[in-house]
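First the structure, in the form of structure tokens, and then the observations on it.
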Amino acid sequence: MPEFELSSLYQDPKRIVVTAHRGFSGQYPENTMPAFREAIKLGVDIIEFDLRGTRDHIPVILHDATLERTSNATGSPHDYALHELKRLNFSYWQGTHNSGLRLSEPAFPDVTISTFEQLLDEVHGRVGLNIQVYETDAPLLSEVCRLYDAYDLYDQGYLTMSTFREAELVREVNPRIALCVLERQGQMDRESLERQKAFGCKYVQPRREDVDAAFCRWVEELGLYANMFYSNTDEDNRKYIGYGLQGILTDRPDILLRTIRDMGLVR
């Protein structure tokens with residue numbers, strides 16, 4: 001029996017589910033162990049992170065297709081074996097994903113890239129996982145699915161895929177894996193929600209421009225769990241919660257948790 005059950009978070013409609021986008025990325029280097037550890041210390045419900053592959057087909061936690069923004073190297077992670085990536089520092093981006101800046105020097109010493117397996121070793125059973133998979137070459141996808149199964153993530157996390165076709169590739173490897181599909185994100189109307197439900201998705205990830213009171217009603221009527229990307233301010237938090245939204249991705253989980261407390265909502 002898993003220690004953590006993701007679906008149970010959504011059983012109380014008054015609970016706001018907090019997802020730390022790339023960890024506590026507004027204050028710590030995104031997609032790194034310090035950002036994940038600090039998010040968990042705050043008490044978030046879910047951590048969101050991104051997977052790409054190394055030259056030796058090991059899934060590592062990295063958002064961009066290239067290394068320039070967040071590290072002291074250039075090129076693609078595919079150009080490097082894991083042991084070569086491990087020599088790099090990944091704390092060159094400071095601030096939120098949409099308004100941060102690249103530093104000329106690393107913000108923290110010895111902040112290296114993490115593998116999917118290393119993260120699971122540390123956080124498994126302690127927090128929900130929104131795992132965005134950017135690459136679907138067969139060896140990498142097979143390893144991601146193997147680790148999902150090996151760590152029994154079936155009610156602890158889900159894979160977020162860009163398209164239904166990419167989601168089908170996961171289904172071909174393991175049809176039991178929970179999926180979220182981003183297709184039509186930014187234009188996510190009732191029809192697109194119905195397609196996701198028909199595909200078997202329980203979790204949906206609208207963009208902020210998709211969400212209003214009508215959208216939240218559709219989600220509830222269809223029995224889906226919506227986690228919106230993104231809100232980073234108290235003002236926006238209150239606006240989207242006021243629409244009836246239950247889940248929010250944020251670079252600033254500290255602010256969102258404070259909003260929830262100030263509004264007297266369930267934690």
Side-chain angles (χ1 to χ4, degrees), residues 2-4 6 19-25 28-40 44-67 70-71 73 76-91 97 110-162 166-167 169-174 176-182 203 205 227 249:
E3 302 93 325
F4 179 94
L6 184 58
T19 298
H21 178 242
R22 308 179 198 171
F24 190 174
S25 56
Y28 297 89
E30 66 175 57
N31 274 331
T32 66
M33 291 310 303
F36 299 132
R37 288 171 185 144
E38 294 301 323
I40 292 170
V44 305
D45 300 301
I46 301 171
I47 55 173
E48 184 270 351
F49 55 94
D50 311 285
L51 296 182
R52 294 189 181 273
T54 66
R55 189 174 67 219
D56 36 356
H57 306 294
I58 296 171
V60 291
I61 302 174
L62 181 71
H63 175 270
D64 296 3
T66 60
L67 303 171
T70 55
S71 83
S76 161
H78 310 138
D79 299 331
Y80 298 80
L82 178 62
H83 74 274
E84 295 168 327
L85 286 176
K86 282 290 190 181
R87 300 185 189 126
L88 306 176
N89 186 296
F90 278 82
S91 69
H97 77 279
D110 305 320
V111 175
T112 63
I113 201 165
S114 293
T115 69
F116 184 28
E117 187 166 18
Q118 287 170 328
L119 177 65
L120 292 177
D121 279 340
E122 181 159 336
V123 309
H124 174 251
R126 299 171 58 200
V127 69
L129 305 174
N130 175 349
I131 307 156
Q132 183 148 353
V133 182
Y134 275 103
E135 297 166 354
T136 56
D137 62 277
L140 179 67
L141 193 61
S142 177
E143 178 63 3
V144 170
C145 293
R146 183 191 71 79
L147 289 167
Y148 185 103
D149 183 72
Y151 283 83
D152 190 19
L153 301 182
Y154 293 98
D155 195 20
Q156 298 188 56
Y158 54 91
L159 302 188
T160 298
M161 311 302 294
S162 296
E166 290 182 354
L169 295 175
V170 176
R171 287 256 172 96
E172 291 169 9
V173 178
N174 184 342
R176 295 178 57 213
I177 290 175
L179 295 167
C180 172
V181 180
L182 300 182
Y203 303 94
Q205 187 171 303
N227 300 301
L249 275 78

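The minimum heavy-atom distance linking Ala167 with Leu179 is given by the pair O-CD1, 3.7 Å. What you find for Ala35 and Pro29 is that their closest heavy atoms are CB-O, 3.2 Å. Closest approach of Ala73 to Leu88, counting heavy atoms only: CB-CD1, 3.5 Å. The shortest heavy-atom contact between Ala178 and Gly157 is CB-O, 4.0 Å.
Using a 4.5 Å heavy-atom cutoff, the side chains of Ile46 and Leu6 are in contact. Thr115 is not listed as a side-chain neighbour of Ile61, based on a closest heavy-atom distance of 4.5 Å or more. With contacts defined as side-chain heavy-atom distances shorter than 4.5 Å, the pair Leu51/Ile131 qualifies. Residues Leu182 and Gln132 form a side-chain contact, since some pair of their non-hydrogen atoms from C-beta on lies under 4.5 Å apart. Within the 4.5 Å cutoff, the side chain of Asn31 has no heavy atoms near those of the Ser25 side chain. Residues Asn89 and Ser71 form no side-chain contact, since every pair of their non-hydrogen atoms from C-beta on lies 4.5 Å or further apart. For the pair Ile47/Val123, a side-chain contact is recorded, criterion being any heavy-atom separation below 4.5 Å from C-beta on. Residues Leu159 and Cys180 fail the side-chain proximity criterion, which asks for heavy atoms closer than 4.5 Å.
Atom CD in Glu166 sits 9.0 Å away from atom CG in Leu141 (nearest 0.5 Å). The structure places CD of Glu172 at 10.5 Å from SG of Cys145, a figure rounded to the nearest 0.5 Å. The distance from atom CG of Leu62 to atom OG1 of Thr32, rounded to the nearest 0.5 Å, is 11.5 Å. Rounding to the nearest 0.5 angstrom, the gap separating the CG atom in Asp152 from the CG atom in Leu120 is 11.5 Å. Atom CD in Gln156 sits 9.0 Å away from atom OH in Tyr148 (nearest 0.5 Å). To the nearest 0.5 angstrom, Met33 atom CE is 5.0 Å from Leu119 atom CG.
Qualifying side chain to side chain donor-acceptor pair (under 3.5 Å) partners for Thr112, counting only residues two or more places apart in sequence or in other chains: none. With sequence neighbours left out, the ring pair (Phe, Tyr, Trp, His ring centres under 6.0 Å) criterion links Phe90 to no other residue. In this structure Tyr151 satisfies the ring pair (Phe, Tyr, Trp, His ring centres under 6.0 Å) test together with His124, sequence neighbours excluded. Here His78 pairs with nothing under the ring pair (Phe, Tyr, Trp, His ring centres under 6.0 Å) rule; sequence neighbours left out.
Across Glu48, Gln205, His21, a single residue satisfies side-chain hydrogen bond (donor to acceptor under 3.5 Å, both in side chains) together with Asn130, and that is Gln205.
Residue pairs satisfying the salt bridge (Lys or Arg N to Asp or Glu O under 4.0 Å) criterion with at least one member in residues 132-147, sequence neighbours excluded, are listed as follows: Arg52-Glu135, Glu143-Arg146. For residues 111-125, the salt bridge (Lys or Arg N to Asp or Glu O under 4.0 Å) pairs, not counting sequence neighbours, are Arg37-Glu122.
Without hydrogens or angle criteria, Thr54 side chain to Ile58 main chain gives a donor-acceptor distance under 3.5 Å. With hydrogens and angles ignored, the 3.5 Å screen pairs a side-chain donor or acceptor of Asn174 with a backbone N or O of Arg176.
A donor atom on one side chain and an acceptor atom on the other are not found under 3.5 Å apart for Asp64 and Tyr134. Judged purely by distance below 3.5 Å, without hydrogens or angles, the side chains of Arg22 and His63 pair a donor atom with an acceptor atom. With no hydrogens or angles considered, a side-chain donor-acceptor pair links Asp149 and Tyr154 at under 3.5 Å.
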What verdict does the side chain to side chain contact (heavy atoms under 4.5 Å, CB included) test give for Leu147 and Leu153, after you've listed the backbone C-alpha separation in whole Å, the side-chain angles of each residue and the deciding distance to 0.1 Å? CA-CA 9 Å; Leu147 289 167; Leu153 301 182; over 6 Å; no
Output, in order, the C-alpha distance, side-chain angles, deciding distance and verdict of side chain to side chain contact (heavy atoms under 4.5 Å, CB included) for Thr19 and Asp45. CA-CA 6 Å; Thr19 298; Asp45 300 301; over 6 Å; no
Stepwise side chain to side chain contact (heavy atoms under 4.5 Å, CB included) check, Asp79 with Arg55: CA-CA 6 Å; Asp79 299 331; Arg55 189 174 67 219; 5.9 Å; no
Walk me through it: do Phe116 and Val144 pass the test side chain to side chain contact (heavy atoms under 4.5 Å, CB included)? CA-CA 8 Å; Phe116 184 28; Val144 170; 4.1 Å; yes
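Between Phe36 and Tyr28, the distance from one ring center to the other does not fall under 6.0 angstrom.
Annotation: cation-pi pair Arg126/Phe4 absent, no NZ/CZ under 6.0 Å from the ring centroid and within 45° of its normal.
Ring pair Tyr203/Tyr158 is parallel by interplanar angle, where below 30° counts as parallel and above 60° as perpendicular.
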